[in-house]
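Only a predicted model underlies this, so the values are computations on that prediction, with no experimental measurement involved. Numbers restart at 1 for each chain; the letters A, B, ... are given by sequence-line order, proteins then strands.
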2 protein chains.
Amino acid sequence: MPKYAANDLSRSVEDYLKVIYHLTESGESASTTAIADVLDLAAPSVSGMIKRLAEAGLAEHQPYKGVTLTKDGRHAALRMLRRHRVIETYLVSHLGYTWDNVHDEAEKLEHAVSEDLVERLSRALGDPRFDPHGDPIPAADGQIVDVSTTPLPDIPVGESVTISRVDTGSAERLRWLAGAGLVPGVRITMLDHQPFNGPVTVSLNGARRVVGRELAEQLLCTRPE
Amino acid sequence: MPKYAANDLSRSVEDYLKVIYHLTESGESASTTAIADVLDLAAPSVSGMIKRLAEAGLAEHQPYKGVTLTKDGRHAALRMLRRHRVIETYLVSHLGYTWDNVHDEAEKLEHAVSEDLVERLSRALGDPRFDPHGDPIPAADGQIVDVSTTPLPDIPVGESVTISRVDTGSAERLRWLAGAGLVPGVRITMLDHQPFNGPVTVSLNGARRVVGRELAEQLLCTRPE
DNA sequence: CTTTAGACTTAGCTATGCCTAAATACGCCG
DNA sequence: CGGCGTATTTAGGCATAGCTAAGTCTAAAG
Ligand SMILES: [Mn+2]
Ligand SMILES: [Mn+2]
Ligand SMILES: [Mn+2]
Ligand SMILES: [Mn+2]
């Protein structure tokens with residue numbers, strides 16, 4: 001009797017996979033505490049789940065060394081990412097949500113929608129490749145584009161770039177950025193860096209915007225050429 | 001410390017409440033086995049849940065005599081009914097679903113949508129009062145219209161009626177009915193009853209339709225006066 | 001090379017919600 | 001009124017997924 005790849009994971013498992021995917025994107029393995037931090041769980045709960053994920057063939061665990069996803073685990077994670085981002089895009093485009101209040105809704109819905117519904121939502125949107133925050137939407141087959149970006153503070157003075165992605169989940173930050181016009185797709189020019197982790201000044205459409213260093217780090221830009 | 005009415009029930013609890021609501025609509029209390037049948041669970045599982053529902057103040061239980069909903073339980077059930085029916089209507093109106101394939105999707109989504117999203121969906125639809133199957137959609141405050149209907153076989157020969165509600169969840173039946181044009185809103189005239197629980201013949205727009213007794217029982221009609 | 005702080009795992013517990021097997025109550029029929 | 005079949009509950013288990021407390025490993029510092 002073959003062990004079927006249960007295509008029907010629990011909400012918890014799906015959320016763990018997404019988190020591990022993010023934490024391992026840069027190549028390293030994900031630590032127990034890093035996962036616990038993101039999911040706001042106690043470390044032993046994470047240890048327990050890691051064991052179950054490994055048994056289910058979704059993750060590989062080197063005790064005391066961290067966890068990585070298997071091919072199956074990565075595939076499931078990308079499927080969740082697609083769902084999450086398609087849902088966010090639909091809520092903004094068709095139901096009047098703003099980019100700062102779609103995340104929580106999508107975090108629940110992503111576990112409830114059928115494959116069929118995700119594809120219908122995507123089609124209704126014209127199969128978008130990016131969500132409202134500029135995050136790439138994996139294709140139905142799991143393909144995901146890798147846009148190379150530079151954090152705003154690393155842009156030299158005088159250079160013009162396009163904001164391509166906003167890497168914060170904070171509703172307050174998203175609202176402030178939208179108010180300042182600093183959203184994906186907008187072209188800006190670097191005017192000034194203040195030293196000692198000070199703010200950065202940019203211009204957009206002739207207007208000046210001063211952005212604190214921490215926030216500026218979350219504005220990921222595409223450089224010309 | 002007051003015990004907060006946890007506004008956040010589990011998927012299981014929400015589904016039990018809906019089932020108990022349906023089973024008690026006609027006034028009687030719901031039996032353990034009736035609930036178990038609908039939810040496809042073992043009777044002891046239902047006994048256990050009934051106990052928890054009673055402890056949570058959502059149901060009243062007379063051991064060996066069945067269960068009814070409290071005011072809180074009924075309110076929560078109506079909230080779920082609203083969600084379920086608004087979602088079904090949206091899937092059909094805006095996402096190309098047909099009335100025979102919305103039920104399973106709604107059965108899951110109803111537990112994941114926020115209050116806010118339900119209201120946005122409803123508004124996008126123009127606040128419909130009936131879902132694709134003719135089932136009334138409770139208002140946001142729990143108000144539900146009580147349409148008095150008659151099962152098709154109880155209509156006398158010669159009388160013209162409007163189909164107002166189709167009381168089956170079977171996808172095959174729904175598909176057949178849609179193919180025959182027997183959907184809510186359609187006006188039909190009773191032509192013939194065959195005896196011994198035989199089929200019923202009706203005309204719609206001049207065409208004749210022969211409908212088996214069991215299926216005809218599920219076509220609920222509004223009589224003129 | 002040893003100590004030790006912090007990360008990680010193990011042990012053991014809780015709650016939910018499902019199950020089967022066994023016990024018990026209800027209500028009808030003779 | 002007593003027995004009997006069915007409905008229902010109780011007893012006891014399992015899986016998932018969370019927790020705290022306690023034990024163990026790793027790696028950096030002395
Ligand atoms: Mn989620
Ligand atoms: Mn996003
Ligand atoms: Mn449901
Ligand atoms: Mn319906």
Side-chain angles (χ1 to χ4, degrees), chain A residues 1 3-20 23-24 28-68 73 76 80 107-108 110-112, chain B residues 3-20 23-24 28-68 73 76-77 80 107-108 110-112:
Chain A
M1 227 167 292
K3 209 196 289 180
Y4 294 118
N7 193 25
D8 169 46
L9 309 172
S10 72
R11 180 180 173 170
S12 287
V13 167
E14 290 178 338
D15 281 337
Y16 271 89
L17 292 176
K18 279 200 314 179
V19 170
I20 297 170
L23 292 173
T24 55
E28 307 103 63
S29 65
S31 73
T32 302
T33 37
I35 299 169
D37 274 2
V38 177
L39 288 175
D40 199 22
L41 297 174
S45 307
V46 175
S47 261
M49 178 60 90
I50 286 173
K51 191 161 302 174
R52 282 188 298 265
L53 293 177
E55 270 157 24
L58 295 166
E60 259 168 281
H61 185 213
Q62 306 254 259
Y64 295 97
K65 298 290 180 160
V67 62
T68 54
M80 294 315 295
E107 199 58 56
K108 284 196 75 179
E110 64 188 359
H111 311 286
Chain B
K3 207 196 286 180
Y4 293 118
N7 194 24
D8 171 44
L9 309 172
S10 71
R11 181 182 171 169
S12 286
V13 167
E14 290 178 337
D15 281 337
Y16 272 90
L17 292 176
K18 279 200 312 177
V19 169
I20 298 170
L23 292 173
T24 55
E28 307 104 65
S29 66
S31 73
T32 302
T33 37
I35 299 169
D37 273 1
V38 177
L39 289 174
D40 199 22
L41 296 173
S45 308
V46 175
S47 261
M49 179 59 91
I50 286 173
K51 192 161 301 174
R52 268 171 276 148
L53 293 177
E55 270 159 23
L58 296 166
E60 258 168 279
H61 185 213
Q62 306 255 261
Y64 295 100
K65 299 287 182 167
V67 62
T68 53
M80 294 315 294
E107 199 59 57
K108 283 197 76 179
E110 62 188 0
H111 311 287

If you look at every strand shown and take non-hydrogen atoms under 4.0 Å, does Ser45(A) touch a base, only sugar-phosphate, or nothing?
base

For Arg11(B) and Glu107(B) the tightest heavy-atom approach is NH2-O, 3.8 Å

Arg11(A) has an atom CZ; how far is it from atom P of dT16(C), in whole Å?
18 Å

Between P of dT20(D) and CG of Leu41(A), the distance in whole Å
11 Å

Tell me whether the side-chain N/O atoms of Thr32(B) come closer than 4.0 Å to OP1 or OP2 in dT9(D).
yes

Hey, does the side chain of Tyr16(B) come within less than 4.0 Å of dT16(C)'s phosphate (OP1/OP2), counting only N and O?
no

Paired with Met49(B), the side-chain contact (heavy atoms from CB on, under 4.5 Å) test is passed by just one of Ile35(B), Val67(B), Leu39(B), Val13(B), namely Val13(B)

Starting at atom CG of Leu39(A), determine the distance to atom P of dC19(D), rounded to an integer number of angstrom.
10 Å

Quick one: is Thr33(B) getting a side-chain N or O under 4.0 Å of the dT8(D) phosphate, OP1 or OP2?
yes

Report yes if a side-chain nitrogen or oxygen of Ser12(B) is closer than 4.0 Å to either non-bridging phosphate oxygen (OP1 or OP2) of dC18(C); otherwise report no.
yes

When every non-hydrogen atom of Ala43(B) is compared with those of Thr32(B), the smallest separation belongs to O-CG2, 3.6 Å

What's the CG-C1' distance between Leu53(A) and dA17(D), to the nearest Å?
12 Å

Determine whether Asp15(B) and His111(B) make a side-chain contact, defined as any pair of heavy atoms from C-beta on separated by less than 4.5 Å.
yes

Side-chain (Ser29(A)) to main-chain (Lys65(A)) donor-acceptor, under 3.5 angstrom:
yes

Nearest whole Å is fine: how far is dT10(C) C1' from Met49(A) CE?
17 Å

In terms of heavy-atom contacts, Thr24(A) and Thr68(A) come closest through CG2-CA, 4.4 Å

Integer-rounded Å distance: dT6(D) P and Asp37(B) CG
15 Å

Using atom CD of Glu55(B) as one end and atom C1' of dG17(C) as the other, report the distance to the nearest whole Å.
14 Å

Should Arg52(A) be listed as having a side-chain N or O under 4.0 Å from OP1 or OP2 of dA17(D)?
yes

Looking only at dC8(C), dT9(D), dT20(D), the nucleotide nearest the Ser47(B) side chain is dT9(D)

Minimum heavy-atom separation for Ala30(A) to Ile20(A), with atom names?
CB-CG2, 4.3 Å

Expected list for residues 59-67 of chain B near DNA chain C, using heavy atoms below 4.0 Å, is Tyr64(B), Lys65(B)

Nearest-angstrom distance from the residue atom CG of Leu9(B) to P of dT16(C)
12 Å

